[in-house]
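Input: a single structure, listed below in structure tokens.
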There are 2 protein chains.
Amino acid sequence: MNIGEAAKGSGVSAKMIRYYEETGLIPPVARTEAGYRIYSDPDVHMLRFIRRARDLGFSVDGIRELLGLWRDHDRQSADVKRLALTHVADLRLKIRELEDMASTLETLAACCHGNDRPDCPILSELEAPTSLPTKTGKFRKQNGF
Amino acid sequence: MNIGEAAKGSGVSAKMIRYYEETGLIPPVARTEAGYRIYSDPDVHMLRFIRRARDLGFSVDGIRELLGLWRDHDRQSADVKRLALTHVADLRLKIRELEDMASTLETLAACCHGNDRPDCPILSELEAPTSLPTKTGKFRKQNGF
DNA sequence: GATAAGGGTTCCCACTGTTGGAAGGTCAAG
DNA sequence: CTTGACCTTCCAACAGTGGGAACCCTTATC
């Protein structure tokens, strides 16, 4: 099976398959004499695993670890669980940050008349932060996730 | 005031101030004879506005619009409000996606013994998605936000 | 056998936003 | 006059993904 079919079968674009191979997330596959990559069913299986993990928000590095555990038949499920729960904690943290942003903005928007006059509490707040409640205290995000 | 002081006073790093200038988010400022950028209090004020908007999760493009409204004394607060609420909707969408990921993973983790045995429902699910409930249906994220 | 369509291959660029560093000029204090 | 802390520009990198160019391969059709 060539890369296009593998892409269709796995839901991972051909571009990304090449990228994953280049960056070592997946091992290089065999090639035809002409240089075409050849994929087997297990390869596609692995690609689907990767896609599913991305769907769950794992970073490529996280997936690297997951793949390691997946391939390791002597793994301990505790390791997988820890990896998953760490990721859940990251997600929840990110959610809280976004939630804070959204609720702050919503509060401000609720105070804004939203008419044809120029005065607007949203701009006022951006201009001169009045330390509105931000449950987490720390506000600044540092990685896009 | 030079860029370092402006950075300290605004909370925007010198690097980012230069970047914002280069990309046209903020207009170029005056320079000393030696080429040092000179910032005034209003400049720092604007930088603080920008930083605050970034803290609320606005993209640079969003900030561009906000700045335009901020500077426009004939603006209509309705435009600001619309901008803000659109952003809130984006945030809430993203939150829902992350929430789905987190709850799916949490459900799976709860089913995982987390012991020294290798069998693990998390890996099983990644391997062969059993279409767990994902309230939104569409799952794949397409922009990092 | 020639040709065209629709693959594949590599490589480079763009995006978002931010950081890091190198090479070199400048300013203020000692 | 030197030293250290600034400033300047330029270049690279990060994570992931998409777009596209230039070129090769395969297959079907004429």
Side-chain angles (χ1 to χ4, degrees), chain A residues 1-26 28-39 43 47 50-65 87 90-91 94 97-98 101 139-145, chain B residues 1-26 28-39 43 47 50-66 87 90-91 94 97 101 139-145:
Chain A
M1 164 177 12
N2 62 24
I3 201 171
E5 295 170 283
K8 246 173 242 147
S10 65
V12 181
S13 72
K15 281 261 183 200
M16 290 313 297
I17 296 176
R18 292 193 199 97
Y19 171 74
Y20 290 151
E21 180 184 313
E22 185 195 316
T23 56
L25 180 63
I26 58 180
V29 292
R31 306 274 190 131
T32 65
E33 300 214 341
Y36 282 28
R37 290 176 180 79
I38 310 171
Y39 295 88
D43 290 332
L47 287 169
I50 291 172
R51 193 182 104 76
R52 181 71 181 142
R54 297 268 327 123
D55 284 347
L56 288 174
F58 281 95
S59 68
V60 172
D61 266 358
I63 297 176
R64 214 179 296 271
E65 297 190 64
H87 181 49
D90 288 348
L91 288 168
K94 186 72 178 177
E97 288 174 6
L98 298 182
M101 295 176 187
F139 216 41
R140 204 82 188 78
K141 69 160 179 289
Q142 57 216 25
N143 47 35
F145 230 63
Chain B
M1 167 177 6
N2 64 22
I3 202 172
E5 294 170 283
K8 246 171 244 150
S10 66
V12 181
S13 72
K15 282 266 187 200
M16 290 313 297
I17 296 176
R18 291 193 200 98
Y19 171 75
Y20 290 151
E21 179 184 312
E22 185 194 317
T23 56
L25 180 63
I26 58 180
V29 292
R31 305 275 190 132
T32 66
E33 298 214 342
Y36 283 27
R37 290 175 180 81
I38 310 172
Y39 294 88
D43 289 332
L47 287 170
I50 291 172
R51 193 182 105 75
R52 180 72 180 144
R54 296 267 328 119
D55 284 348
L56 288 174
F58 282 96
S59 69
V60 172
D61 266 359
I63 297 176
R64 215 177 295 271
E65 296 191 66
L66 281 174
H87 181 47
D90 289 348
L91 288 168
K94 187 71 178 178
E97 288 174 7
M101 295 176 186
F139 216 40
R140 203 82 187 81
K141 69 160 180 293
Q142 56 216 24
N143 49 36
F145 230 66

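Just so it is clear: chains get the letters A, B, ... in the order the sequence lines come, proteins before strands, and each one is counted from 1.
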Under-4.0 Å side-chain N/O to phosphate OP1/OP2 contact, A:Arg54 with D:dA15:
no
Looking across every strand, which nucleic acid part, if any, lies under 4.0 Å from A:Ser13 by heavy atom: base, sugar-phosphate, or nothing?
sugar-phosphate
So A:Thr32, base contact, sugar-phosphate only, or nothing? Heavy-atom distance under 4.0 Å.
nothing
Short side-chain to backbone donor-acceptor contact, B:His87 and B:Gly62, under 3.5 Å:
no
Compare all side-chain heavy atoms of A:Tyr19 with those of A:Leu25 and state whether any distance is below 4.5 angstrom.
no
Taking only N and O in the side chain of B:Tyr20, is any of them less than 4.0 Å away from OP1 or OP2 of C:dG17?
no
Atom-to-atom span, CG of B:Asp55 to P of C:dG17 - whole angstrom
14 Å
With no hydrogens and no angle check, is any side-chain donor or acceptor of A:Glu5 less than 3.5 Å from a backbone partner on A:Asn2?
yes
Tell me whether A:Asp55 is salt-bridged to A:Arg51, with the criterion being a basic N under 4.0 Å from an acidic carboxylate O.
yes
Bend angle of the helix from C:dG1-D:dC30 to C:dG30-D:dC1, end axes from five pairs each (to 10°)
30°
Using a 4.0 Å heavy-atom cut-off, write out nucleotides 3-13 of chain C from 5' to 3' as B (base contacted by protein), S (sugar-phosphate only) or - (no contact).
----BSBBB--
How many whole angstroms separate atom CZ of A:Arg64 from atom P of D:dA15?
9 Å
Send over the distance from B:Tyr19 OH to D:dC10 C1', rounded to a whole Å.
16 Å
